[in-house]
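Per chain, numbering begins at 1; letters A, B, ... match sequence-line order.
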Amino acid sequence: MKHWLIKSEPATFGIEDLAAAPHRRTGWYGVRNYQARNMLRDEMDKGDLAFFYHSSCAAPGIYGIVKVVKAGYPDPTAFERGHDDYDPASDPAVPRWFAVDVELVRPLAQPIALATLKAHARALGDLAVLRKGNRLSITPVTAEQWRRVLALA
DNA sequence: GCCAACGTTGGC
DNA sequence: GCCAACGTTGGC
């Protein structure tokens with residue numbers, strides 16, 4: 001089982017939206033970056049766990065834990081004419097963009113602020129979300145990093 | 001709003 | 001293949 005960190009802007013879709021979703025599940029749609037696409041398509045497996053991270057907000061940080069409940073499949077929004085994430089270059093016969101489904105395991109009673117992660121940067125090693133200029137919306141987390149991050153909650 | 005970092009596009 | 005221009009991300 002692998003571990004990940006996935007980012008979302010709470011103004012668009014936050015941990016509370018996931019908690020309110022049917023079966024507390026959602027399709028992780030709209031990723032339009034090839035590196036992240038490759039992880040969705042090739043590396044994320046059913047059963048993997050991920051930190052749910054809020055970005056571009058007043059208090060960025062980790063707000064919950066989610067589980068991958070469906071491995072990579074073609075992102076349907078790429079084929080929806082008129083959808084914000086529609087990509088006319090994505091041919092259904094050769095899909096360009098992928099998604100997974102995630103389910104909320106639990107929100108963190110005490111979210112882990114980005115500032116807290118930074119304060120423990122040394123112990124967390126090369127945690128991708130702490131890298132300067134990091135913009136990837138999906139990043140891998142090692143088992144050791146996962147454990148150490150959780151210990152900060 | 002500012003700015004650094006990065007990805008993508010397109011001319012050559 | 002190079003590289004400048006541009007758009008986006010995301011913290012502050």
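Using modelled atom types and a 3.5 Å distance limit, the side chains of R32(A) and T77(A) yield a donor-acceptor pair.
Ring centers of W146(A) and F51(A): under 6.0 Å apart, within the cut-off. Taking the centre of each ring, W97(A) and Y34(A) come in below the 6.0 Å mark.
The aromatic rings of F13(A) and W28(A) sit perpendicular, their planes meeting at an angle over 60°, well past the 30° parallel limit.
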**Request:** Would you mind building the protein contact string for nucleotides 6-12 of chain C? One character per nucleotide, 5' to 3', B for base within reach (heavy atoms under 4.0 Å), S for sugar-phosphate only, - for untouched.
**Result:** -BBBBSS

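Judged as a side chain to side chain donor-acceptor pair (under 3.5 Å), and not counting sequence neighbours, the contacts of K2(A) are D45(A).
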